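Data first, discussion second: the structure below is written as structure tokens.
Keep in mind that what you see is a predicted model, and the values were worked out from it rather than measured.
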Amino acid sequence: MIVAWKYAKELTKQFNENNHWRLHSRFDNGINFVNQQNELLFIGSDKNGELPFAIHLTYLELTKLKKQITAESCLYFKDDCFYDQTNPTVQVTLTNCLTYQTTLLQTKLPLKQEQMNGLINLAKTCSLKNGFDTALPTSLKAVMEGNNPLKHAFQQLLSTDASEIEAGLRYYVGRGVGLTPSGDDFLVGLFCLQQAYSILDQQVNQILTNLLYGEQLTTDIGKAYLLAALKGQFSTTLLQLIEELTTGNDQQKLTIIFNKLIQNGHTSGVDTATGLLAGLLIRYN
């Protein structure tokens, strides 16, 4: 039996016998499963933070699971445990499992200027580039001024015209390589600010929802992150960063959280940080 360590509290409503989860994709740090509604379930480590649709295992338990799961595996949930229909010996128990919150509360707390300045300084010293091959933005000019397609699309997102907003979203959704495209990660970072401070027009959530359910514009994993963002659900790393910006006063802690974020994936963390910073710069300028 494989003993889970912790899982996102918001997942509880999906734990029922009617859901069957088939193998979707494998990674070094975990396995993705998908159910009949094309909802994603990640079972793996918390290397990239605690995720909104994840059950996290220790390294030892993950190693055991990866050896047992096959291409034919199909998980179902019963009595606080996941079972594999193709192999009854595969069991992942949630008994005595910890839970964590991934929902961003509708906080309107002002961001602390000192912490904001600290975050901008961290961005200035970051040598990593995002998936758009640009540095992290540290000024309003960096995200707004210029005629390149990236900045034009961002300006469209700030519009109150539905057709402009849709055009901006279409530019970002699915843009870039990998299972979580850079454009999706950018939007996740931006929507973290949107959920807390409503920096974009109120139409944006519905327009993005319609695009994600109406067309196949991105990968299954990218879609899962975007749908979670629309529900106000984000990785705990992002939530910790917002918390530190609003209620914290520890620059060292801010640095640790920022570094953890930007190290996620190949460029995924930097892409997310780009969207978050773009939103902050719009909010406070």
Side-chain angles (χ1 to χ4, degrees), residues 8 10-11 13-14 18-19 21-22 24-25 32-42 51-54 102-107 130-132 143-144 148-235 238-239 242 268 271-272 274-280 282-283:
E10 294 82 358
L11 271 176
K13 62 181 179 295
Q14 296 182 19
N18 294 325
N19 266 336
W21 306 86
R22 295 193 176 278
H24 178 277
S25 47
N32 280 313
F33 297 88
V34 65
N35 66 9
Q36 306 96 302
Q37 293 77 40
N38 288 319
E39 296 169 325
L40 224 59
L41 173 67
F42 174 77
L51 305 179
F53 45 87
T102 67
T103 301
L104 178 67
L105 301 177
Q106 290 292 329
T107 176
N130 56 37
F132 304 109
V143 295
M144 289 295 290
N148 67 59
L150 187 65
K151 293 182 180 180
H152 179 62
F154 186 68
Q155 291 167 9
Q156 289 177 309
L157 292 182
L158 301 177
S159 174
T160 58
D161 181 86
S163 60
E164 285 289 294
I165 295 170
E166 180 177 332
L169 288 171
R170 284 184 180 278
Y171 178 87
Y172 283 103
V173 175
R175 182 166 295 274
V177 299
L179 290 173
T180 54
S182 294
D184 296 1
D185 289 323
F186 174 90
L187 289 175
V188 167
L190 181 62
F191 269 72
C192 191
L193 265 294
Q194 167 67 6
Q195 290 292 338
Y197 300 106
S198 302
I199 58 175
L200 306 174
D201 189 82
Q202 61 182 359
Q203 303 176 84
V204 70
N205 283 35
Q206 189 58 57
I207 293 172
L208 180 55
T209 299
N210 293 343
L211 288 176
L212 292 175
Y213 283 111
E215 302 178 42
Q216 186 65 42
L217 298 177
T218 187
T219 65
D220 292 336
I221 300 175
K223 180 179 178 179
Y225 276 104
L226 289 172
L227 288 175
L230 285 168
K231 298 174 186 175
Q233 297 171 9
F234 304 90
S235 73
L238 264 180
L239 299 186
I242 296 296
S268 185
D271 296 330
T272 305
T274 302
L276 180 74
L277 284 161
L280 288 173
I282 292 296
R283 168 78 180 177

For the student: nearest non-hydrogen atoms of Ser268 and Asp185, plus distance: OG-OD2, 2.9 Å
Sequence neighbours excluded, every pair satisfying salt bridge (Lys or Arg N to Asp or Glu O under 4.0 Å) that has a member inside residues 213-230: Arg170-Glu215
Within-4.5 Å side-chain heavy-atom neighbours: Leu226 and Phe191: no
Phe53 and Thr102: CA distance, side-chain angles, deciding distance, side-chain contact (heavy atoms from CB on, under 4.5 Å) verdict: CA-CA 9 Å; Phe53 45 87; Thr102 67; over 6 Å; no
By ring-ring contact (aromatic ring centres under 6.0 Å, His included) - contacts of Phe42 (at least two apart): none
Nearest-0.5 Å distance that lies between atom CZ in Arg22 and atom CG in Leu41: 14.5 Å
Stepwise side-chain contact (heavy atoms from CB on, under 4.5 Å) test for Leu150 and Phe154: CA-CA 6 Å; Leu150 187 65; Phe154 186 68; over 6 Å; no
For Leu157 against Gly168, the heavy-atom pair lying closest together: CD2-C, 3.7 Å
Distance, nearest 0.5 Å, that separates CG of Leu51 from CZ of Phe234: 13.0 Å
Side chains of Gln194 and Asn205 in contact at under 4.5 Å (non-hydrogen atoms): yes
From Leu230 atom CG to Thr209 atom OG1, the distance as rounded to the nearest 0.5 Å: 4.5 Å
side-chain contact (heavy atoms from CB on, under 4.5 Å) partners of Val34, counting only residues at least two apart: His24, Asn38, Leu40
Rounded distance [0.5 Å steps], CG in Leu212 versus CG in Leu227: 5.0 Å
Beyond-backbone contact of Val173 with Leu187, side-chain heavy atoms, under 4.5 angstrom: yes
Leu190 and Leu276, any side-chain heavy atoms less than 4.5 Å apart: no
With Ser182 via side-chain contact (heavy atoms from CB on, under 4.5 Å) - residues at least two apart: Phe132, Thr267, Asp271
Considering all heavy atoms, the nearest Thr218-Pro181 contact: OG1-CG, 3.6 Å
Non-neighbouring partners of Glu164 that pass salt bridge (charged side-chain N to carboxylate O under 4.0 Å, His left out), sequence neighbours left out: none
Thr272: side chain to side chain donor-acceptor pair (under 3.5 Å) partners, not counting sequence neighbours: none
Partner residues of Gln36 under the side-chain contact (heavy atoms from CB on, under 4.5 Å) criterion, sequence neighbours left out: Asn19, His20
Results of side chain to side chain donor-acceptor pair (under 3.5 Å) for Thr180 - residues two or more places apart only: none
Which residues share a side-chain contact (heavy atoms from CB on, under 4.5 Å) with Asp201, sequence neighbours left out: Thr160, Ile165, Gln203
Any residue meeting ring-ring contact (aromatic ring centres under 6.0 Å, His included) with Phe33, in chain and number order, not counting sequence neighbours: none
Approximate separation, where rounding is to 0.5 Å, of Leu208 CG and Leu217 CG: 9.5 Å
ring-ring contact (aromatic ring centres under 6.0 Å, His included) against Tyr171, all qualifying residues, sequence neighbours excluded: none
Side chain to side chain donor-acceptor pair (under 3.5 Å) involving Ser25 - partner list, sequence neighbours excluded: Asn32
Check: Asp161/Ser159 side-chain N/O donor and acceptor closer than 3.5 Å: no
Minimum-distance pair of heavy atoms, taken over all atoms of Gln156 and Ala167: NE2-CB, 3.5 Å
Shortest non-hydrogen contact between Leu11 and Pro52, atoms and distance: CG-O, 4.3 Å
Aromatic ring pairing Phe186/Tyr172, orientation class (parallel under 30°, perpendicular over 60°, tilted between): parallel
Closest heavy-atom pair and its distance - Trp21, Gln14: CH2-OE1, 3.1 Å
CG on Asp184 to OG1 on Thr219, rounded to 0.5 Å: 6.0 Å
